[in-house]
Amino acid sequence: QVQLVESGGGLVQAGDSLRLSCAASGDTFSSYVIGWFRQAPGKEREFVAAISWSGGRTRYADSVKGRLTISRDNAKNTVYLQMNVLKPEDTAVYCCAASRTAPYWTKPAGYEYWGQGTQVTVSS
């Protein structure tokens with residue numbers, strides 16, 4: 001199994017940038033698809049982005065395309081989420097998740113392991 005720890009969240013203004021990190025330990029990191037999800041107060045958890053085992057394929061929610069970029073460094077056991085031109089509606093707790101088989105990249109049920117999350121707050 002793999003353990004995940006997110007970092008990099010914070011309070012920023014609209015238009016600013018943040019880079020979130022998801023650091024993994026335990027099992028072989030390159031064996032997992034990694035996804036980012038977010039959950040705002042009173043809302044369901046929603047898919048943000050995901051990246052394949054080698055990093056060669058990525059997928060994004062329509063709401064973040066062109067503003068957020070997911071990447072991974074398997075040598076550092078870390079996945080990054082670069083967030084640019086942040087909007088107040090991006091405010092949420094952001095969690096990374098890992099899946100060996102990744103049957104559903106965009107659904108929480110497709111992931112076996114989850115981090116605790118990091119808070120991102122964007123003020124207008």
Side-chain angles (χ1 to χ4, degrees):
Q1 62 182 37
V2 65
Q3 293 78 43
L4 305 171
V5 178
E6 302 91 339
S7 62
L11 172 62
V12 296
Q13 293 186 331
D16 285 350
S17 298
L18 278 176
R19 188 176 78 159
L20 305 184
S21 297
C22 172
S25 61
D27 203 353
T28 304
F29 183 61
S30 59
S31 299
Y32 294 86
V33 166
I34 302 296
W36 281 97
F37 290 79
R38 66 187 181 186
Q39 187 165 19
K43 295 187 177 181
E44 292 187 355
R45 182 175 290 177
E46 67 170 345
F47 169 75
V48 176
I51 190 165
S52 64
W53 300 264
S54 66
R57 287 190 297 144
T58 58
R59 188 163 180 179
Y60 297 91
D62 289 341
S63 59
V64 306
K65 281 181 181 176
R67 299 188 300 117
L68 274 59
T69 303
I70 189 171
S71 62
R72 70 189 296 163
D73 185 339
N74 285 342
K76 295 183 178 180
N77 289 353
T78 303
V79 167
Y80 304 98
L81 186 67
Q82 178 66 43
M83 308 169 69
N84 297 328
V85 195
L86 283 162
K87 304 175 181 180
E89 50 264 43
D90 293 318
T91 295
V93 174
Y94 285 71
C95 294
C96 61
S99 174
R100 274 190 168 272
T101 57
Y104 310 109
W105 280 33
T106 64
K107 298 180 180 180
Y111 294 82
E112 300 99 275
Y113 305 104
W114 291 82
Q116 292 298 310
T118 185
Q119 176 71 46
V120 172
T121 303
V122 184
S123 64
S124 57

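The structure displayed is predicted, hence computed values, not measured ones.
Of the possible donor and acceptor atoms, one in the side chain of Arg67 sits under 3.5 Å from a partner among the backbone N and O of Val85. With hydrogens and angles disregarded, no donor-acceptor distance shorter than 3.5 Å links the side chain of Ser7 to the backbone of Leu20. Within the 3.5 Å criterion, the main-chain N or O of Glu6 finds no donor-acceptor partner in the side chain of Gln116.
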Check step by step if side chain to side chain contact (heavy atoms under 4.5 Å, CB included) holds for Val33 and Trp53. CA-CA 5 Å; Val33 166; Trp53 300 264; 3.4 Å; yes
Determine, stepwise, if the pair Leu81 / Leu68 fulfils side chain to side chain contact (heavy atoms under 4.5 Å, CB included). CA-CA 7 Å; Leu81 186 67; Leu68 274 59; 4.0 Å; yes
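Placement of Ile70 and Trp105 in two distinct hydrophobic clusters is found when ILVMFWY residues are connected by side-chain heavy-atom separations under 4.5 Å, directly or transitively. Connection of Tyr94 to Tyr111 is not established within any shared hydrophobic cluster, with ILVMFWY side chains joined at heavy-atom distances below 4.5 Å, either directly or through further cluster members. One hydrophobic cluster, built from ILVMFWY side chains closer than 4.5 Å, cannot hold both Val5 and Val48; they sit in different ones.
Of all the heavy atoms in Cys22 and Leu4, the pair that sits closest is SG-CD2, 4.0 Å. Here the shortest heavy-atom pairing between Gly117 and Val93 reads CA-CG1, 3.9 Å. When every heavy atom of Thr69 is checked against every heavy atom of Tyr60, the shortest pair comes out as CA-OH, 3.4 Å. Considering every non-hydrogen atom in both Gly8 and Thr118, the closest pair reads N-OG1, 4.2 Å. The two atoms that bring Ile34 and Cys96 nearest to each other are CG2-CB, 4.4 Å, heavy atoms only. The nearest pair of heavy atoms linking Pro88 to Ala14 is CD-CB, 4.1 Å.
Every pair passing salt bridge (charged side-chain N to carboxylate O under 4.0 Å, His left out) that includes a residue from residues 27-45 is listed here, sequence neighbours excluded: Asp27-Arg100, Arg38-Glu46, Arg38-Asp90. Within the structure, side chain to side chain donor-acceptor pair (under 3.5 Å) pairs that include any residue of residues 75-84 comprise Ser17-Asn84, Gln82-Asn84 (at least two apart or interchain).
Note: Lys87 NZ to Ser124 OG = 13.5 Å, rounded to the nearest 0.5 Å.
Partners of Phe47 according to the ring-ring contact (aromatic ring centres under 6.0 Å, His included) rule, which considers only residues two or more places apart in sequence or in another chain, are Phe37. For Thr121, the side chain to side chain donor-acceptor pair (under 3.5 Å) test picks out Gln119, with sequence neighbours left out. Residues passing the disulfide (SG to SG under 2.5 Å) test with Cys95: none are found, sequence neighbours excluded. By the side chain to side chain donor-acceptor pair (under 3.5 Å) test, Glu112 is found to be paired with Ser99, residues two or more places apart in sequence or in another chain being considered.
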